[in-house]
Structures are given as C-alpha cells and as structure tokens.
Amino acid sequence: MRIVEYTVTIRPHAGLPRTEAFRLVTSLLDHRLAPAHQLATAYHQRWEIENGFAELKNRLRGAGFILRSKAPELICQEIYALLTVYQALCALQMHAAEHGGIDPDRISFTVTVQLARLAVAAQAAADGTALGTARREAVTELLAALLPTRCNRQCQRVKKPSKNTFEVRKRDQPRTPSNVHYTLRVTKHPI
C-alpha cells in the first residue's frame, strides 16, 4: 500500500483561500508509473466514472429497458452497441465543448440523448453534407442548453456528528433505577 499526502488550496469567490490536507491510499506502488501528482489530480475526478455509468444505465437506455437477447453472444452485442452509441454521444459533447471553449461537464448528457433521438430518424439516408449540417445544429442546441458551472466547495470537511440521540452515560456512573419492574414466572410443561 502507498499513501500519498498532498494539499489542495481552495479559493472561493468570496472570502479567504484555505488549504486542506488529503491522504490518498493506493495499491499503485511504483512512483515512476503513477507519480503522486497524477494520482492526486485523478482522485478529484473520481466520480466521473460513476456519472458515466449513470448516463449509460439510466439516461441512454431509458427507464425499464432490459436487454432482449437470451444468448450470451447476443447480450455482448447489445452491450457493445450501447457502448458504441454512448461513445458517439460523448464525442459529440466533446466537439460541442471544444467549439464553445467550455468545460465538457457543462454539456448535458440528457439533452444530448434527446437531440440524438430527435435527429436520428431524419438522418437514415443522409449524405455527408446533411450529416455535417445536423452535427452543427446539434452543437448549437447543446451550447444553448448548458448546465450551470459547478459550485466550488464552500464548506470545510468536518466529521459528521453522531446520530445517537440517547445520552451518553459515563461508565463510572451507576445506572438510574428504572420505573419498569419485571416479574418472571416459570412453569413446567410435561414433555
């Protein structure tokens, strides 16, 4: 196990900058193959893969969609097709972000899927010129429906308070007597 310690300076729009310390535990032991700076940078993008899974499973497939194939080979084919469409939509998002000079995270995947679904039927027998026009229109519409910029984290990381609502009793103190009294009655039953 390898531990990478680093600090991150947060500069909010209002207020003074502050520095927070982080520790990253990794199984990547070779510092030449995985430099600490690269690990620290990648760590802050860790949720991007979770967003990708959500886009693929929930937004691209749609609600209640299940794979139709029964044979393993055909299931693999269906998954490969979903991944291919996902990659094409991500490429469209990247093209729109580069064209607009913005962060790709500002392009809505849901809007991208909706635009693609609306445009795909009209492009069935299109030539290169029509496809180029459709791509430019999609980029224009994606840039018109940008997500808001991500907010900087304004709150320092703190340990959450305990959810225990009962009083904490010190071990030295005797228990308070209870108002409940139990009476046990044991009866013998024949076997």
Side-chain angles (χ1 to χ4, degrees), residues 2-28 30-63 65 79-123 126 128-158 160:
R2 178 175 160 210
I3 299 175
V4 177
E5 293 183 339
Y6 61 97
T7 58
V8 174
T9 302
I10 300 164
R11 292 179 179 83
H13 294 295
L16 298 172
R18 67 180 185 276
T19 301
E20 292 186 27
F22 285 85
R23 280 193 190 122
L24 172 66
V25 179
T26 181
S27 61
L28 302 171
D30 190 350
H31 63 90
R32 290 178 299 268
L33 293 176
H37 184 269
Q38 283 182 351
L39 291 175
T41 303
Y43 181 71
H44 290 282
Q45 294 292 324
R46 67 193 178 279
W47 294 112
E48 294 297 326
I49 189 66
E50 295 297 329
N51 291 339
F53 290 149
E55 289 168 349
L56 184 61
K57 289 174 13 181
N58 302 327
R59 294 174 193 91
L60 181 58
R61 284 188 332 176
F65 177 85
I79 291 172
Y80 186 74
L82 279 171
L83 290 171
T84 303
V85 170
Y86 177 73
Q87 186 66 30
L89 293 173
C90 288
L92 178 62
Q93 284 181 293
M94 285 300 297
H95 178 73
E98 288 171 359
H99 183 74
I102 58 168
D103 182 7
D105 291 337
R106 301 249 345 252
I107 307 276
S108 168
F109 188 78
T110 305
V111 172
T112 306
V113 170
Q114 291 169 349
L115 286 173
R117 286 183 177 154
L118 291 172
V120 75
Q123 306 304 323
T129 306
L131 290 174
T133 302
R135 183 177 181 185
R136 283 189 295 279
E137 288 173 1
V139 166
T140 302
E141 290 184 41
L142 286 173
L143 292 174
L146 291 178
L147 296 172
T149 56
R150 288 188 176 178
C151 297
N152 290 332
R153 188 173 77 205
Q154 299 296 319
C155 300
Q156 292 186 15
R157 296 183 306 154
V158 294
K160 291 183 181 178

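These numbers come from the heavy atoms of this one structure, side chains and all, not from hydrogens, waters or symmetry mates.
- In terms of the side chain to side chain donor-acceptor pair (under 3.5 Å) criterion, residue partners of Y6 (sequence neighbours excluded) are, by chain and number, H44.
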N/O donor-acceptor pairs under 3.5 Å from side chains in residues 32-42, not counting sequence neighbours:
residue: T41; atom: OG1; partner: H37; partner atom: O; Å: 2.9

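- Residues forming a side chain to side chain donor-acceptor pair (under 3.5 Å) with E5 (at least two apart in sequence, or on another chain): R23.
- The closest donor-acceptor contact from the side chain of R2 to the backbone of S27 lies at 3.5 Å or more, if one exists at all.
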Q.
I'd like to know whether L142 forms a side chain to side chain contact (heavy atoms under 4.5 Å, CB included) with V111, so could you lay out the CA-CA distance, the side-chain angles of the two residues, the decisive distance to 0.1 Å, and finally the verdict.
A. CA-CA 7 Å; L142 286 173; V111 172; 3.9 Å; yes
Please report, to 0.1 Å, the donor-acceptor pairs under 3.5 Å made by any side chain of residues 87-100, with sequence neighbours excluded.
residue: Q93; atom: NE2; partner: I107; partner atom: O; Å: 3.1
residue: H95; atom: ND1; partner: R135; partner atom: NH2; Å: 3.1

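- Close placement of the F109 and Y86 rings is indicated, their centers lying within 6.0 Å of each other.
- With sequence neighbours excluded, the residues forming a side-chain contact (heavy atoms from CB on, under 4.5 Å) with T84 are Y80, listed by chain and number.
- With values rounded to the nearest 0.5 angstrom, L115 atom CG is found 11.0 Å from T110 atom OG1.
- What you find for S108 and A145 is that their closest heavy atoms are CB-O, 4.5 Å.
- Residues forming a side-chain contact (heavy atoms from CB on, under 4.5 Å) with T140 (at least two apart in sequence, or on another chain): none.
- Looking at heavy atoms from C-beta onward, L56 lies in side-chain contact with L83 at the 4.5 angstrom threshold.
- Between atom CZ of residue R136 and atom CG of residue L131 there is a gap of 10.5 Å, rounded to the nearest 0.5 Å.
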